[in-house]
Every structure is written in C-alpha cells, then in structure tokens.
Amino acid sequence: MTVVTRFAPSPSGNLHVGGARTALYCWAFARGREGRLVLRIEDTDRKRSSEASSLGFMTDLDWLGIDWDEGPVRGDQGGGDHGPYFQSERLAIYAEHLDRLVAEGKAYHAFDTSEELDAKRKAARQAKEAYRYDRAALALTAEEVAAKLAAGEPSVIRFRTPDAAITIVDEVLGEATLPAGEVDDFVIRKADGYPTYHFAVVIDDAMMGVSHVLRAQEHFNNTAKHIILQDALGLPRPVYGHLSLIFNPDGSKMSKRDKDKVLRTAVKERAIEGPPADPLGAPMVEADVWATWLGDKSVQLDLETLERVAAALDVSLPEINVADFRRSGYLPEVLCNFLALNGWSAGDDLEKFDNTFLAERFHLDRVQKTPAKFDRDKLLAFNLDAIQEMSPDVFHDLASAHAAEFRPEFLERLDQGQFRILCDASRERSKTLDEPFLVNGFLVSADDEIEWAVTKPVRKAMFKGEPTGLELLAQIRPVLEAIPSFDAVSIETAITAFVEAHADGNLGRIAQPLRIAVSGGPISPPIYDTLAILGHAAVSSRIDRCLAVLSELAPSK
RNA sequence: GGCCCCAUCGUCUAGCGGCUAGGACACCAGGUUCUCAACCUGGUAACGGGAGUUCGAUUCUCCCUGGGGUCACCA
C-alpha cells in the first residue's frame, strides 16, 4: 500500500511553528516510505476564508524545504489526480454523500436556532455537565421536516451517532475508548450548505487515498467522530497518529494569539490610553476596535496592524510564525531540525540532522506523547553552530540576502568591501543572520547621530586611568588621521605601535575609547574591522564629536 | 465539571526489569580575550507521591497528585 500523508491547514497567510512541525512530520513520514504528501486547503468556514484567504503559508513551507506531491499548484509542485484540493470546490462531492446518509436515516435535518442551542449549552455549563445535543429535531415527523424544508427554514444536517462506545487506535498514543454517549449528534452540514470540517475531512481523506493521518493532539477527540462517520459511509480508516502540542516556556499553549497577549499586556502595564498614531497623525487602529481588542482576550488584531502598533510602542512580539523566525535570521534547516526534535528523537544521542536524515529515520513509535516547551535558547544555540560551520562566503551570501530583505539600509550605506568585512567579522559571533545588523546599527547611523550614554563601562574606559581614555583618544586621533590606506591591516599596525608607545602594550586601553567614540557604546565587532568599515572620515568625525561631548561630561579633576 | 490522554535534570530528550540514569541547551566555576560574543576545561542538576508484581523497579499494574486535550453551524 502506498503511504499517503496529508497536511491540511485552513487558509492563512502564515504558518505557525506548530503547524510547521506537523507538516514536517507528514512530509518526513511520506518521504521516508516512498509515499506522497497531499496538501489540502480546509476552507469550509466561509467567514474565515473570506477574511484571510491568503495562501501565504505555502511560502513558509517552501522556505522550510517541505514540498508536496499533490495539492494547490505552486511552481513545479502540486496538482494531482484527486483534486480539487480546496474543500470549497468539492461541495458537490460532499452533497452526494450527505444525501445518501440522510436517505439511509443515518443523518437528519435539525432546525434549532443558535439561540436555542446557546441557551442549552449555557444551562449544561451551569449544571457542570458536558453539553450534548438533545436530539430535539428527532421529535419532528417526516411531514414536519418536509414542510419546514419546503418553507425554506434554515437547517443543518446532524449525524445520528450510534449508541456505542468508540475505540480509537492511535500509533502514538495507543488505544483509547470513549464511552457511548460521549459523542453527540454533531453537525455535518452547516446552514449555509457547507460541510463541517468533520465531514469534509472524512470524505477527502478517503478519496485522496490518505493512509496516515498525522495531526495535532487537539484533534484526538474528533477522531472518534471521524471513525463513526467512516463506518457509516463505508469508507476505509486511515492510520492515526496524534502529535503533542508545542508550548511556550511558561507552559501555555503556543498560539497565534500570543502576540496579541503580549501587546495587550504591555499596553495595560504602561497604562497607554489610546492607539498610537501613524506618521500622518491618524490612529493606527479605530478607537472602538482598540477598545474591543483591549477588553476581549479572544479578539485579535490583524497581524500587520499588530506589528505596526508594537513597533510604534517599542514592544517586541514573540516569534510564533515561521515568518517570524525567518525575519529573526534563523536558518530553515536549523528550524526544521529543532522542530523535529520537539516531539521526536532519533533514539541515540544524535540531535543535529537534516531533513533527509529525518525522512530516513522518522518513525511514529519514537514520537513523544508529552507536549514540548519551545526552548528558544537551544534553537539559538543550534543556529549559532550552523552559522559557525559555514564558510565565510556562504555566510556572506546568506547575510546579504537577509539584509536585502530585512536590513536594506546596510546594503545602501556600506559598499561591498565594507559589507564583506562586517560579515567576516560577525560570522563566528552571530547567533542569527540578523545579528550583524541588529547589534551594529551605529554603522549606518549618520556621524552626527551618535550619542554617548555615560554608563559604567563608558566611564571606566573614558574617564579612568592615567592618562584617561579620553586623553588617549585625543592622542591617537592624528595617528589614525595619518594612515594613508585605511584598511584593517594598516589600522592594526598603527594602533599596535601606538599602544606599545603609550599604553604599555595594553590594547584595551585604547580599543575601548575608540570603540565608544565610533559606536556610542562599549560593544562592536573587533576594533580594526569596525574602524575599517566606517572609513577614515567617519572615524575622525566621530572621534571629534566624542571628545567634545564627553569632555563636557568628564568629572572635573 | 464530564470524557480522554500524559508524567526522567530548569528545558528538549535517551532509557524499553539489574546503568555510577546518558546526551544537548540553559546555568555555575575557571581559562582565553581589545568590548560583546564565541571558544576551552570542569561542575551543579531528574526518575511527582503511595501501594502492589518481582530476587530486583525509572521501566509492569493500581490509586493519588499534577499537567494537557476536548465538550461550536472553527478547523
């Protein structure tokens, strides 16, 4: 039997890491068994699909190296004989099976209004019981049903759940039995004519030949519904494997809502009254939307707005989506490696591997049952290791591509030679592709924009010692000025000679004042590289300003 | 609350009746260093609790505790 797995997200612009891991496991399972991976779009929710019908997540899959055999066409992947791969385009198929179930008495029309249902749910909640549909619609005679339908009364179709226990066999979790009555008569066709997820999934998995369903553990209870539906429809049952969830370090479920949560908390803590204004002075968010969002945890701002507001308020949002990690400068192969490790292990002490290895070794019996907390520190460490293993050329190319997309100012301000020095100086100390830019903003600042905060290390480097750092800085300025060719080697030669003559060979005595003068703070790449990148004019100019500014602030002797 | 599932260092995990309970990240100490990193050496650190089964339980069974999932005309 051919192994067929599927990744079946609802349409969205962004893939979050939990989904990415599911996709990766589905991919690995199929690839390791000469099987196929189907990508199917679950867009049976008209509301959501119309709001965000973006397929942006496919970009994320591409970036991660997760390719699919069947599904929406993108580049040279996708297509296939089992389409269409959008559920919204398969309505006729579902309708046929739906009619059959109703005709066979295995499903029935129900006319309850959502108000009635809500009231009953609320009552169950108060009675501390699990809500189950009460089969009110079954009290209707066939004539009554026909009349209501003829009158055009809105209705749904519910599946008539057999009164029996349901056993789920799961390759990860083992076997579990839900007692009879646990699953109620759930809706399989909504009032708008669309099938519910449960119904569409069962039909599609069967028609697309899916042999193995790997999905998040939150679907575990749904599987019971899918099993009885398969039985009623006479469809084969795929093998199931339910994957544990990915958590935040604090133990909460990692969710796309986390970004809203962080921003909302920041706004409340700082007692910010209204939404920040955009550069033109207009509020970034409508006042009423803002108020609703602030007061209701279940309300989300759209991602773009959320990020704009966060940027305006200088709040850093957690990385949740694959795109977030890309922007932060993680390597796709490292993210895959790390994601794979959250919930699976190779079995020995081997934990650095690529997707090919994963595909070869991935097996369901080594999938962890427990949820994994997402440890960004370890991810960062893996990313650092991968970067350190790169050749300078590769790092330069990747850093350039990253800068082109996320840090264009560096490519604009630095010429190719300067950019190369920055890359070479940064590679072995960078945990991400973004770090060279993130920590070296002073390189692209205007010379007269540098500001000096008199922190402890600055005080020590500039004001202490005999002579003081400031005095040494003043002394070395003409030495640097006199260097004919301002490259790292010449700079080193000049500074070394100066240090021997004036600072007892202690490079730190002069490197720190220089570093502070040109960068505004005590941190920068190696000093010779830093000066070389900045160039002759910028270095002189910055030293002059630094001397002027800090002399004013120096403690009087 | 009902139902279902789960449980090894702080974190990700190895272990599948007998191990000084292993690795990785983090952390701590020392070294190296022009800053920050990185790097090198060493170290601290876990089987949630209680009953069984067994010559012997981290490993098997039960109970407790703790954690999670789910209870939509969302997926």
Side-chain angles (χ1 to χ4, degrees), chain A residues 8-10 42-48 87 110 112-114 117-118 121 124-132 154-158 168 170 172-174 176-179 181-184 186-198 200-201 215-222 224 242 244-245 247 249 251 253 338 341-352 366 368-382 384 388 426-431 435 439 457 461 495 499 506-516 519 521-528 530:
Chain A
S10 45
E42 314 232 310
D43 55 351
T44 53
D45 184 345
R46 287 167 103 172
K47 254 179 277 152
R48 274 205 228 174
Q87 292 185 326
D112 316 74
T113 65
S114 39
L117 260 20
D118 285 345
R121 248 179 236 122
R125 187 82 199 157
Q126 278 176 350
K128 299 209 172 229
E129 284 167 4
Y131 169 78
R132 301 283 179 262
S155 70
V156 299
I157 294 179
R158 284 180 182 269
I168 302 169
D170 185 289
V172 174
L173 296 173
T177 300
L178 304 198
E182 192 50 36
V183 176
D184 68 356
F186 54 99
V187 173
I188 54 178
R189 191 189 71 180
K190 310 176 201 179
D192 65 6
Y194 274 58
T196 59
Y197 158 74
H198 304 298
V201 148
R215 51 162 50 147
Q217 238 172 59
E218 60 198 11
H219 285 295
F220 189 76
N221 285 276
N222 290 337
H242 289 91
S244 63
L245 274 14
F247 285 177
K253 183 175 157 185
F338 184 71
L341 238 29
N342 275 258
W344 178 83
S345 67
D348 41 34
D349 285 335
L350 191 75
E351 57 177 1
K352 296 280 183 68
R366 297 206 62 87
Q368 201 75 10
K369 299 176 181 178
T370 51
K373 289 176 186 159
F374 196 83
D375 181 1
R376 284 189 179 70
D377 286 335
K378 186 158 178 173
L379 207 213
L380 225 31
F382 273 35
L384 170 78
Q388 290 189 334
S426 301
R427 187 177 58 85
E428 65 178 15
R429 68 186 68 241
S430 292
K431 293 185 174 175
E435 198 170 323
V439 302
I495 289 182
V499 166
N506 183 350
L507 178 57
R509 289 282 285 125
I510 188 60
Q512 276 310 80
L514 269 173
R515 173 170 282 121
I516 291 163
S519 77
I523 300 169
S524 88
I527 193 63
Y528 311 126
T530 302

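Chain A is the first sequence line, chain B the second, and so forth, proteins listed ahead of strands; every chain is numbered from 1. Keep in mind that this is a model prediction, so the values were computed, not measured.
Across all strands shown, B:rG66 forms a Watson-Crick or G-U wobble pair with B:rC6, both key distances being under 3.5 Å. Within the shown strands, B:rG43 is the pairing partner of B:rC27 under the Watson-Crick or G-U definition, both distances less than 3.5 Å. When both distances must be under 3.5 Å, the Watson-Crick or G-U wobble mate of B:rU33 does not exist. Nucleotide B:rU54 forms a pair with no other nucleotide shown, judged by Watson-Crick or G-U wobble geometry with both contacts under 3.5 Å. Base-pair partner of B:rA14: not found among the strands shown (Watson-Crick or G-U wobble, both distances under 3.5 Å).
The P atoms of B:rA45 and B:rC40 are separated by 24 Å, rounded to the nearest whole Å. Across the C1' atoms, B:rA38 and B:rU33 are found 10 Å apart, a figure rounded to whole Å. As rounded to the nearest Å, B:rC34 and B:rG43 have P atoms that lie 29 Å from one another. Here, B:rA46 and B:rA51 have their C1' atoms 23 Å apart, quoted to the whole Å. Using C1' as the reference atom, B:rU44 and B:rC9 are 10 Å apart when rounded to the nearest Å. When the P atom is used for both B:rG68 and B:rU8, the distance is 14 Å, rounded to whole Å. B:rU58 and B:rA7 have their C1' atoms separated by 12 Å, with the value rounded to a whole Å.
Contact annotation: A:S345 reaches the phosphate of B:rA14 (side-chain N/O to OP1 or OP2, under 4.0 Å). Regarding contacts with the backbone of B:rC74, a side-chain N or O of A:K190 is found under 4.0 angstrom from either OP1 or OP2. For A:R121 and B:rA72, the shortest distance from a side-chain N or O to OP1 or OP2 is below 4.0 Å.
Put simply, the side chain of A:V156 does not reach to within 4.5 Å of the side chain of A:T196, judged on heavy atoms.
Listed by chain and residue number, A:K253 satisfy the salt bridge (charged side-chain N to carboxylate O under 4.0 Å, His left out) test with A:E218 (two or more places apart in sequence, or in another chain). Every residue meeting the side chain to side chain contact (heavy atoms under 4.5 Å, CB included) condition with A:A8, not counting sequence neighbours, appears here in chain and number order: A:R6, A:R40, A:E42.
The nearest whole Å value for the distance from the CG atom in A:L379 to the C1' atom in B:rA24 is 13 Å. Across the protein-nucleic acid pair, A:K378 atom NZ and B:rG10 atom C1' stand 13 Å apart, rounded to whole Å. A:E428 has its CD atom 9 Å from the C1' atom of B:rC39, to the nearest Å. In this structure, A:F247 atom CZ and B:rA7 atom C1' are separated by 13 Å, rounded to whole Å.
The base of B:rG68 has none of its N or O atoms less than 3.5 Å from a complementary donor or acceptor on the side chain of A:Q217.
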